[in-house]
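Residue indices begin at 1 and follow the sequence shown. Here the structure is a predicted model, which means the values were calculated and not measured.
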Amino acid sequence: MMGDYEIDVDNQIVVGYRADDKWSGKLIIRASYEGFSGVSEAWIDLEKVVTFANSLTRYPIESDLPIRIASGFGSPEVLDQELVALEVGPVGIKGQLGVKVHLASPLWPDDRTESLKEVRFEFLTTYQRLSTFSQDLSNVLRGTLSEAALGSEKLR
């Protein structure tokens with residue numbers, strides 16, 4: 001159990017954060033959904049993660065203003081190589097939310113581009129689960145919880 005609902009371990013996004021100092025740390029994302037899964041991590045400014053966690057309580061989330069967090073190699077404004085990314089936006093008219101997930105391995109200068117390992121998928125969830133995830137992620141950043149998990153939910 002995480003928060004106040006049970007997580008389906010086969011269909012979830014799990015986010016952790018390990019502080020390096022009071023300004024930055026490593027964002028670790030593990031995700032699995034309908035048979036696809038991956039894990040990756042990237043250094044990120046703490047303030048970006050705080051802003052992302054707080055933004056997840058926004059209702060409604062507009063389709064032209066999705067909530068996004070991403071990190072990897074390059075400048076924060078323009079990533080040369082995206083290693084972790086989550087983007088939340090509405091799907092359909094029932095209040096369903098889609099979380100686009102991108103997780104990738106780093107590609108170093110001597111690596112072959114064919115050796116890149118990555119996963120991309122859209123994860124379906126709801127505003128209620130997203131709200132609980134937002135609270136749990138804030139607790140991760142405060143150090144009172146080790147990971148925040150977001151469970152999937154498909155509205156019928």
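- A pairwise comparison of heavy atoms in F52 and L137 identifies CD2-CD2, 3.9 Å as the closest pair.
- Through direct or relayed side-chain contacts under 4.5 Å between Ile, Leu, Val, Met, Phe, Trp and Tyr, W23 connects to no other residue.
- At a threshold of 4.5 Å between side-chain heavy atoms, the hydrophobic network of Ile, Leu, Val, Met, Phe, Trp and Tyr places L56 and I28 in two separate groups.
- Linking Ile, Leu, Val, Met, Phe, Trp and Tyr residues whenever their side-chain heavy atoms come within less than 4.5 Å leaves V14 and F133 in two separate clusters.
- There is a path of hydrophobic side-chain contacts, each under 4.5 Å, that joins L46 to L27.
- Listed by first then second residue, pairs satisfying side-chain hydrogen bond (donor to acceptor under 3.5 Å, both in side chains) with a partner in residues 38-56 read K26-E41, not counting sequence neighbours.
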* Would you please test L150 and V99 for side-chain contact (heavy atoms from CB on, under 4.5 Å) and show each step? => CA-CA 10 Å; L150 174 60; V99 183; 4.0 Å; yes
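- Judged as a salt bridge (Lys or Arg N to Asp or Glu O under 4.0 Å), the pairs with a partner in residues 108-117 (not counting sequence neighbours) are, in order, R112-E114.
- Residue F73 qualifies as enclosed at atom CZ: its count of foreign heavy atoms under 6.0 Å is above 12.
- Linking Ile, Leu, Val, Met, Phe, Trp and Tyr whenever their side-chain heavy atoms come within less than 4.5 Å leaves L107 and I29 in two separate clusters.
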* **Chi angles and distances behind the side-chain contact (heavy atoms from CB on, under 4.5 Å) call for R30, I13** => CA-CA 6 Å; R30 203 170 64 242; I13 297 169; over 6 Å; no
* To do: Might you work through the side-chain contact (heavy atoms from CB on, under 4.5 Å) test for E153 and L124, ending with a clear yes or no?
  => CA-CA 6 Å; E153 185 174 344; L124 297 176; over 6 Å; no
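- Shortest non-hydrogen contact noted between R68 and A85 is NH1-CB, 3.8 Å.
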* Begin with the C-alpha distance, continue with both residues' side-chain angles, and end with the deciding distance and a verdict on side-chain contact (heavy atoms from CB on, under 4.5 Å) for I61 and Y127. => CA-CA 9 Å; I61 299 171; Y127 278 101; 3.9 Å; yes
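- At a threshold of 4.5 Å between side-chain heavy atoms, the hydrophobic network of Ile, Leu, Val, Met, Phe, Trp and Tyr places V50 and I69 in one connected group.
- Looking at every heavy atom in both residues, A149 comes nearest to Q12 through CB-OE1, 3.8 Å.
- Remark: the backbone N or O of V88 is not paired with any side-chain donor or acceptor of K100 at under 3.5 angstrom.
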